[in-house]
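See below for the structure under consideration.
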Amino acid sequence: MFWKKSTSEKVIVSVTRVLFWILILYSGLSDFHNAAAKETGVETKGGKSTAFQLIDFTLDSPEGALSLKDLRGNVVLIFFGFTSCPDVCPISLSTISHAFSYLTDDELKRSRTLFISLDPERDTMERLKKYTGYFHPNIIGVTGTMEELVRVADIYGVKFEKKETPDSALGYLIYHSAKIFVIGTQGELRKTFPHNIDAQLLVQQIRSLLKGNQL
(Lines give C-alpha, C1' and ligand atoms only; values in the text may rest on other atoms or scores of the structure.)
Protein backbone atom coordinates (compact mmCIF):
# COMPACT_ATOMS: atom_id res chain seq x y z
CA MET A 1 0.00 0.00 0.00
CA PHE A 2 2.83 2.31 0.89
CA TRP A 3 4.59 1.45 -2.37
CA LYS A 4 1.48 2.31 -4.40
CA LYS A 5 1.08 5.60 -2.56
CA SER A 6 4.72 6.45 -3.11
CA THR A 7 4.46 5.61 -6.80
CA SER A 8 1.37 7.80 -7.20
CA GLU A 9 3.12 10.70 -5.53
CA LYS A 10 6.09 10.29 -7.86
CA VAL A 11 3.79 10.30 -10.89
CA ILE A 12 2.04 13.46 -9.63
CA VAL A 13 5.38 15.17 -9.07
CA SER A 14 6.59 14.17 -12.55
CA VAL A 15 3.44 15.40 -14.24
CA THR A 16 3.62 18.65 -12.26
CA ARG A 17 7.20 19.19 -13.40
CA VAL A 18 6.29 18.55 -17.05
CA LEU A 19 3.41 21.03 -16.84
CA PHE A 20 5.68 23.55 -15.15
CA TRP A 21 8.28 23.36 -17.93
CA ILE A 22 5.60 23.56 -20.63
CA LEU A 23 4.34 26.73 -18.96
CA ILE A 24 7.87 28.18 -18.87
CA LEU A 25 8.44 27.30 -22.53
CA TYR A 26 5.14 28.90 -23.59
CA SER A 27 5.90 32.02 -21.59
CA GLY A 28 9.36 32.27 -23.17
CA LEU A 29 7.98 31.91 -26.67
CA SER A 30 5.36 34.54 -25.95
CA ASP A 31 7.99 36.94 -24.64
CA PHE A 32 10.18 36.24 -27.66
CA HIS A 33 7.31 36.97 -30.04
CA ASN A 34 6.50 40.26 -28.33
CA ALA A 35 10.16 41.28 -28.22
CA ALA A 36 10.58 40.50 -31.91
CA ALA A 37 7.50 42.52 -32.73
CA LYS A 38 8.83 45.52 -30.82
CA GLU A 39 12.23 45.21 -32.49
CA THR A 40 10.68 45.42 -35.96
CA GLY A 41 8.38 48.26 -34.98
CA VAL A 42 5.28 46.05 -35.14
CA GLU A 43 2.96 45.92 -32.17
CA THR A 44 0.88 42.89 -31.26
CA LYS A 45 -2.60 43.53 -30.01
CA GLY A 46 -4.92 40.70 -29.14
CA GLY A 47 -2.44 38.24 -30.63
CA LYS A 48 -2.67 39.82 -34.10
CA SER A 49 0.10 41.71 -35.86
CA THR A 50 -0.69 45.31 -36.79
CA ALA A 51 2.06 45.36 -39.43
CA PHE A 52 -0.31 45.37 -42.40
CA GLN A 53 -3.10 47.42 -40.86
CA LEU A 54 -3.97 50.66 -42.59
CA ILE A 55 -2.44 53.75 -41.03
CA ASP A 56 -3.27 57.39 -41.66
CA PHE A 57 -2.11 60.77 -40.40
CA THR A 58 -2.12 64.36 -41.62
CA LEU A 59 0.76 66.87 -41.40
CA ASP A 60 1.62 70.19 -43.04
CA SER A 61 3.55 70.28 -46.30
CA PRO A 62 4.72 73.28 -48.38
CA GLU A 63 1.66 72.70 -50.58
CA GLY A 64 -0.79 72.50 -47.66
CA ALA A 65 -2.17 69.75 -45.43
CA LEU A 66 -1.12 66.31 -46.62
CA SER A 67 -2.34 62.98 -45.30
CA LEU A 68 -0.94 59.53 -45.94
CA LYS A 69 -4.35 58.68 -47.38
CA ASP A 70 -3.79 61.32 -50.08
CA LEU A 71 -0.92 59.18 -51.35
CA ARG A 72 -2.89 55.93 -51.73
CA GLY A 73 -1.83 54.11 -54.87
CA ASN A 74 1.79 55.11 -54.26
CA VAL A 75 4.56 53.27 -52.49
CA VAL A 76 5.64 55.73 -49.80
CA LEU A 77 8.96 55.80 -47.95
CA ILE A 78 8.90 57.57 -44.59
CA PHE A 79 11.90 58.95 -42.75
CA PHE A 80 11.90 61.04 -39.57
CA GLY A 81 14.59 63.67 -39.07
CA PHE A 82 15.30 67.42 -39.32
CA THR A 83 17.01 69.70 -41.80
CA SER A 84 19.89 70.63 -39.46
CA CYS A 85 20.81 66.96 -39.00
CA PRO A 86 24.57 66.72 -39.59
CA ASP A 87 24.87 63.19 -40.97
CA VAL A 88 22.14 60.55 -40.68
CA CYS A 89 19.40 62.51 -42.48
CA PRO A 90 21.48 63.55 -45.50
CA ILE A 91 22.75 59.99 -45.85
CA SER A 92 19.22 58.58 -45.68
CA LEU A 93 17.73 61.04 -48.16
CA SER A 94 20.67 60.52 -50.51
CA THR A 95 20.08 56.76 -50.36
CA ILE A 96 16.40 57.27 -51.17
CA SER A 97 17.27 59.67 -53.99
CA HIS A 98 19.72 57.11 -55.34
CA ALA A 99 17.00 54.44 -55.27
CA PHE A 100 14.60 56.74 -57.12
CA SER A 101 17.21 57.26 -59.84
CA TYR A 102 16.82 53.59 -60.84
CA LEU A 103 13.04 53.78 -61.24
CA THR A 104 11.29 54.26 -64.56
CA ASP A 105 9.14 57.32 -65.17
CA ASP A 106 6.00 55.27 -64.56
CA GLU A 107 7.39 53.88 -61.30
CA LEU A 108 8.37 57.38 -60.18
CA LYS A 109 4.81 58.58 -60.73
CA ARG A 110 3.73 56.07 -58.08
CA SER A 111 6.55 56.51 -55.57
CA ARG A 112 6.92 59.19 -52.90
CA THR A 113 8.92 59.88 -49.76
CA LEU A 114 7.72 61.78 -46.72
CA PHE A 115 10.52 63.43 -44.78
CA ILE A 116 8.90 64.12 -41.42
CA SER A 117 10.70 66.94 -39.62
CA LEU A 118 10.87 66.57 -35.86
CA ASP A 119 12.05 70.16 -35.55
CA PRO A 120 9.01 72.38 -36.29
CA GLU A 121 10.68 75.23 -34.42
CA ARG A 122 13.25 75.72 -37.18
CA ASP A 123 11.92 73.77 -40.13
CA THR A 124 9.51 76.13 -41.82
CA MET A 125 7.66 75.10 -44.98
CA GLU A 126 10.08 77.16 -47.07
CA ARG A 127 13.09 75.56 -45.44
CA LEU A 128 11.67 72.05 -45.82
CA LYS A 129 10.90 72.56 -49.50
CA LYS A 130 14.39 73.89 -50.20
CA TYR A 131 16.05 71.09 -48.23
CA THR A 132 14.16 68.18 -49.81
CA GLY A 133 14.67 69.80 -53.22
CA TYR A 134 18.40 69.14 -52.88
CA PHE A 135 17.71 65.40 -52.99
CA HIS A 136 14.72 64.59 -55.22
CA PRO A 137 11.41 66.17 -56.28
CA ASN A 138 9.53 63.08 -55.07
CA ILE A 139 10.69 63.72 -51.50
CA ILE A 140 8.15 65.85 -49.64
CA GLY A 141 8.98 67.60 -46.39
CA VAL A 142 6.20 67.64 -43.79
CA THR A 143 5.90 68.63 -40.15
CA GLY A 144 3.31 69.68 -37.58
CA THR A 145 2.82 70.62 -33.98
CA MET A 146 4.87 68.74 -31.42
CA GLU A 147 1.73 66.94 -30.29
CA GLU A 148 1.03 65.77 -33.85
CA LEU A 149 4.63 64.68 -34.36
CA VAL A 150 4.66 62.67 -31.15
CA ARG A 151 1.47 60.91 -32.24
CA VAL A 152 2.82 60.05 -35.69
CA ALA A 153 6.21 58.97 -34.32
CA ASP A 154 4.45 56.72 -31.83
CA ILE A 155 2.62 54.95 -34.67
CA TYR A 156 5.94 53.78 -36.08
CA GLY A 157 7.75 53.31 -32.79
CA VAL A 158 10.11 56.22 -33.48
CA LYS A 159 11.83 57.77 -30.48
CA PHE A 160 13.16 61.31 -30.54
CA GLU A 161 14.46 63.85 -28.06
CA LYS A 162 15.59 67.45 -28.23
CA LYS A 163 18.95 68.02 -26.53
CA GLU A 164 20.65 71.35 -25.93
CA THR A 165 24.17 71.68 -27.37
CA PRO A 166 25.57 74.92 -25.95
CA ASP A 167 28.97 74.32 -27.59
CA SER A 168 27.37 74.07 -31.02
CA ALA A 169 26.25 76.91 -33.26
CA LEU A 170 22.98 75.03 -33.74
CA GLY A 171 22.03 75.41 -30.08
CA TYR A 172 20.27 72.04 -29.97
CA LEU A 173 19.98 68.77 -31.87
CA ILE A 174 17.18 66.25 -32.29
CA TYR A 175 18.26 62.73 -31.43
CA HIS A 176 15.98 60.30 -33.27
CA SER A 177 15.51 56.77 -34.54
CA ALA A 178 16.99 56.26 -37.99
CA LYS A 179 14.84 53.88 -39.98
CA ILE A 180 13.23 53.99 -43.40
CA PHE A 181 9.61 52.80 -43.34
CA VAL A 182 8.13 51.37 -46.53
CA ILE A 183 4.39 51.92 -46.90
CA GLY A 184 2.34 49.88 -49.37
CA THR A 185 -0.07 51.30 -51.93
CA GLN A 186 -3.00 51.07 -49.51
CA GLY A 187 -1.26 52.85 -46.65
CA GLU A 188 -0.04 49.76 -44.80
CA LEU A 189 3.42 49.38 -43.26
CA ARG A 190 5.28 46.70 -45.21
CA LYS A 191 8.97 46.93 -44.35
CA THR A 192 11.42 48.72 -42.10
CA PHE A 193 15.01 49.23 -43.23
CA PRO A 194 18.11 50.76 -41.59
CA HIS A 195 18.87 54.27 -42.82
CA ASN A 196 22.07 53.20 -44.59
CA ILE A 197 20.54 50.32 -46.56
CA ASP A 198 21.79 49.58 -50.07
CA ALA A 199 19.69 51.62 -52.51
CA GLN A 200 19.17 48.57 -54.73
CA LEU A 201 17.29 46.78 -51.93
CA LEU A 202 14.94 49.76 -51.70
CA VAL A 203 14.43 49.61 -55.47
CA GLN A 204 13.52 45.91 -55.26
CA GLN A 205 11.02 46.56 -52.47
CA ILE A 206 9.38 49.49 -54.26
CA ARG A 207 9.02 47.57 -57.51
CA SER A 208 7.68 44.50 -55.74
CA LEU A 209 4.95 46.49 -54.02
CA LEU A 210 4.07 48.40 -57.19
CA LYS A 211 3.59 45.07 -58.93
CA GLY A 212 1.41 43.83 -56.08
CA ASN A 213 3.93 41.28 -54.76
CA GLN A 214 4.62 40.96 -51.07
CA LEU A 215 8.27 40.70 -50.01
Side-chain angles (χ1 to χ4, degrees), residues 30 32-61 65-82 85 88-89 91-93 95-100 102-103 107-118 132 135-136 138-144 147-160 174 176-215:
S30 178
F32 174 79
H33 173 70
N34 291 334
K38 290 179 180 178
E39 182 65 24
T40 56
V42 178
E43 295 182 355
T44 54
K45 296 179 180 179
K48 295 182 179 180
S49 169
T50 63
F52 296 157
Q53 289 186 5
L54 302 187
I55 299 170
D56 192 30
F57 59 83
T58 300
L59 291 171
D60 297 323
S61 80
L66 179 65
S67 71
L68 188 58
K69 190 174 182 179
D70 293 333
L71 299 176
R72 292 285 167 83
N74 294 274
V75 171
V76 180
L77 307 181
I78 294 179
F79 187 78
F80 293 78
F82 62 113
C85 180
V88 172
C89 298
I91 290 173
S92 305
L93 295 185
T95 298
I96 292 171
S97 177
H98 190 197
F100 280 170
Y102 289 106
L103 301 181
E107 289 168 338
L108 279 174
K109 289 178 182 178
R110 296 181 291 149
S111 304
R112 295 290 184 274
T113 292
L114 290 181
F115 174 64
I116 301 179
S117 171
L118 300 170
T132 57
F135 299 96
H136 198 280
N138 282 26
I139 300 176
I140 306 168
V142 295
T143 191
E147 182 180 357
E148 290 169 336
L149 293 171
V150 168
R151 185 162 58 246
V152 177
D154 187 57
I155 291 174
Y156 297 99
V158 169
K159 306 296 182 184
F160 68 99
I174 308 294
H176 59 89
S177 304
K179 294 180 181 179
I180 297 173
F181 300 92
V182 182
I183 311 301
T185 57
Q186 296 305 309
E188 75 284 11
L189 175 62
R190 284 293 177 182
K191 283 279 186 177
T192 303
F193 290 114
H195 79 281
N196 56 350
I197 185 175
D198 188 303
Q200 287 288 359
L201 293 178
L202 275 181
V203 173
Q204 292 174 19
Q205 182 65 46
I206 292 169
R207 284 179 169 160
S208 177
L209 291 175
L210 287 175
K211 291 177 181 177
N213 298 328
Q214 309 302 328
L215 280 183

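Because only heavy atoms are used, hydrogens play no part in the values below, and waters and symmetry mates are left out as well, while side chains stay in. Starting from 1, each residue takes its place in the sequence as its number.
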Atom pair [atom1] ([X]) and [atom2] ([Y]), whose distance is rounded to the nearest 0.5 Å:
{"X": "L209", "Y": "Q204", "atom1": "CG", "atom2": "CD", "value": "12.0 Å"}
{"X": "R72", "Y": "D56", "atom1": "CZ", "atom2": "CG", "value": "6.0 Å"}
{"X": "I197", "Y": "L202", "atom1": "CD1", "atom2": "CG", "value": "4.5 Å"}
{"X": "C89", "Y": "F115", "atom1": "SG", "atom2": "CZ", "value": "4.5 Å"}
{"X": "I96", "Y": "T113", "atom1": "CD1", "atom2": "OG1", "value": "4.5 Å"}
{"X": "F80", "Y": "L114", "atom1": "CZ", "atom2": "CG", "value": "9.0 Å"}

Counting distance only, does the side-chain N/O of [X] pair as donor-acceptor with the main-chain N or O of [Y] below 3.5 Å?
{"X": "S97", "Y": "L93", "answer": "no"}
{"X": "N138", "Y": "S111", "answer": "yes"}
{"X": "H195", "Y": "V88", "answer": "no"}
{"X": "Q200", "Y": "D198", "answer": "no"}

*What residues form a side-chain contact (heavy atoms from CB on, under 4.5 Å) with T143, not counting sequence neighbours?*
S117, P120, M125, L128, L149
*asked:* Just to verify, what does S61 make a side-chain contact (heavy atoms from CB on, under 4.5 Å) with, not counting sequence neighbours?
replied: E63, L66, I140, V142
Testing the basics here: between [X] and [Y], what is the closest heavy-atom pair and its distance to 0.1 Å?
{"X": "S177", "Y": "G157", "result": "OG-O, 4.4 Å"}
{"X": "E188", "Y": "R190", "result": "OE2-NE, 3.1 Å"}
{"X": "H176", "Y": "C85", "result": "NE2-SG, 4.1 Å"}
{"X": "A65", "Y": "T58", "result": "CB-CG2, 4.1 Å"}

*Any L189 side-chain heavy atom under 4.5 Å of I155 side chain*: no
*Sequence neighbours excluded, which residues qualify as salt bridge (Lys or Arg N to Asp or Glu O under 4.0 Å) partners of R112?*
none
*Run through N74, V75, L68 and flag the one making a side-chain contact (heavy atoms from CB on, under 4.5 Å) with I183.*
L68
Tell me every residue that passes ring pair (Phe, Tyr, Trp, His ring centres under 6.0 Å) with [X], counting only those two or more places apart in sequence or in another chain.
{"X": "F160", "result": "none"}
{"X": "F193", "result": "none"}
{"X": "F79", "result": "none"}
{"X": "H136", "result": "F100"}

*Can you list the residues that meet the side chain to side chain donor-acceptor pair (under 3.5 Å) rule with D70, with sequence neighbours excluded?*
S67
_Run the side chain to side chain donor-acceptor pair (under 3.5 Å) test against E107 and tell me which residues pass, sequence neighbours left out._
T104, R207
*Hey, mind stepping through I55 and Y156 against side-chain contact (heavy atoms from CB on, under 4.5 Å) and telling me if it holds?*
CA-CA 10 Å; I55 299 170; Y156 297 99; 3.7 Å; yes
_Stepwise side-chain contact (heavy atoms from CB on, under 4.5 Å) check, V158 with F181_ = CA-CA 10 Å; V158 169; F181 300 92; 3.6 Å; yes
_F57/E148 under side-chain contact (heavy atoms from CB on, under 4.5 Å): CA gap, chis, key distance, verdict_ = CA-CA 9 Å; F57 59 83; E148 290 169 336; over 6 Å; no
*Trace of the side-chain contact (heavy atoms from CB on, under 4.5 Å) decision for D154 with R151*: CA-CA 5 Å; D154 187 57; R151 185 162 58 246; 5.8 Å; no
